[in-house]
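Order of appearance sets the numbers: ligands from 1, and atoms from 1 within every ligand.
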Amino acid sequence: MLEIIRIPVLSDNYVWLVHEPDSKETMVVDPAVAEPVLAEAEKRGWKITQIWNTHWHPDHTGGNAAIKEATGCHITGPEAEQARIPTLNTMVKEGDQVRLGDVVADVMDVPAHTAGHIAFHVADEDVVFVGDTLFAMGCGRLFEGTAAQMFDNMQKLSKLPGETKVYCAHEYTQANGEYALVAEPENQALKERMEAVLAARAKGEATVPTTIALEAATNPFMRASSADQLAERRTAKDNF
Ligand code: ZN
Ligand code: FE
């Protein structure tokens, strides 16, 4: 069983520190910064051996160099973005597998937020690390891709088992939910979820990971019936 620790950094990023107890390997998903990540690993007596990057944005790779310098870890990230992530050791794409000890992740191509964005799906653990592609009740902005690509990503992720835990990289849930209620005002599951989210945020609690089932019930981007509807909703959310 993987141990997955949430490290809140910057204004709203989550870095995931992932420990595999049999091999004692420890991996970091999308380190925005280095210091809090190194400190958390140190506190737990874990040695960071790997970093997995989902995309090149600085709030996902900014800690790469310093963590590699401090630990000698191995960095895996999107082949299509290798020019923008100079610290990479291994470049991967859809169909490739990445290992943490004996735990295997399948790489998924999920372009749109960035052109080479990938996700890491650990099927045996029902876990997916999605970076900035899927958020609780939201999806990533379309910086380098199209609504049609994001629609395909949502369809692909929605086919994972419902119990799959979704580890996204930002605490955007409340703002996403406020827009989601406008997109789907009659969605009862969404209304109930938003009440729980508001209560959690009022206490300063995190609202991720989420699950594929919960997103399928409440996420207006995963629930969009066409690329056109996703495009309309994305534009509306951008201007919300
Ligand atoms: Zn990003
Ligand atoms: Fe980000």
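Between Y167 and W16, the ring planes are perpendicular. Angles over 60° get that label, and only those under 30° would be called parallel. Using bins of under 30°, 30° to 60° and over 60° for the plane-to-plane angle, the ring pair H170/F135 lands in the perpendicular bin.
For the Fe ion (ligand 2), the set of nearby N, O or S atoms under 2.8 Å includes none belonging to D30. The Zn ion (ligand 1) has an N, O or S atom of D132 inside 2.8 Å of it. Between the Zn ion (ligand 1) and H57 there is an N/O/S contact shorter than 2.8 Å. Note on H113: counted as a metal contact of the Zn ion (ligand 1), an N/O/S atom lying under 2.8 Å. The Fe ion (ligand 2) lies under 2.8 Å from an N, O or S atom belonging to H60.
Under 4.0 Å is where a charged nitrogen must lie from a carboxylate oxygen, and between R141 and D238 at least one such pair does.
The backbone N or O of E163 sits nowhere less than 3.5 Å from a side-chain atom of D126 that would complete a donor-acceptor pair.
Checking E171 against T207 by side-chain atom types alone, a donor-acceptor pair falls below 3.5 Å. Checked by atom type, the side-chain pair Q155/S158 shows no donor-acceptor distance below 3.5 Å.
At the Fe ion (ligand 2), the vertex angle linking NE2 of H170 with OD2 of D132 is 110° (nearest 10 degrees).
Shortest distance from the Fe ion (ligand 2) to D59 is reached at OD2 (N/O/S atoms only).
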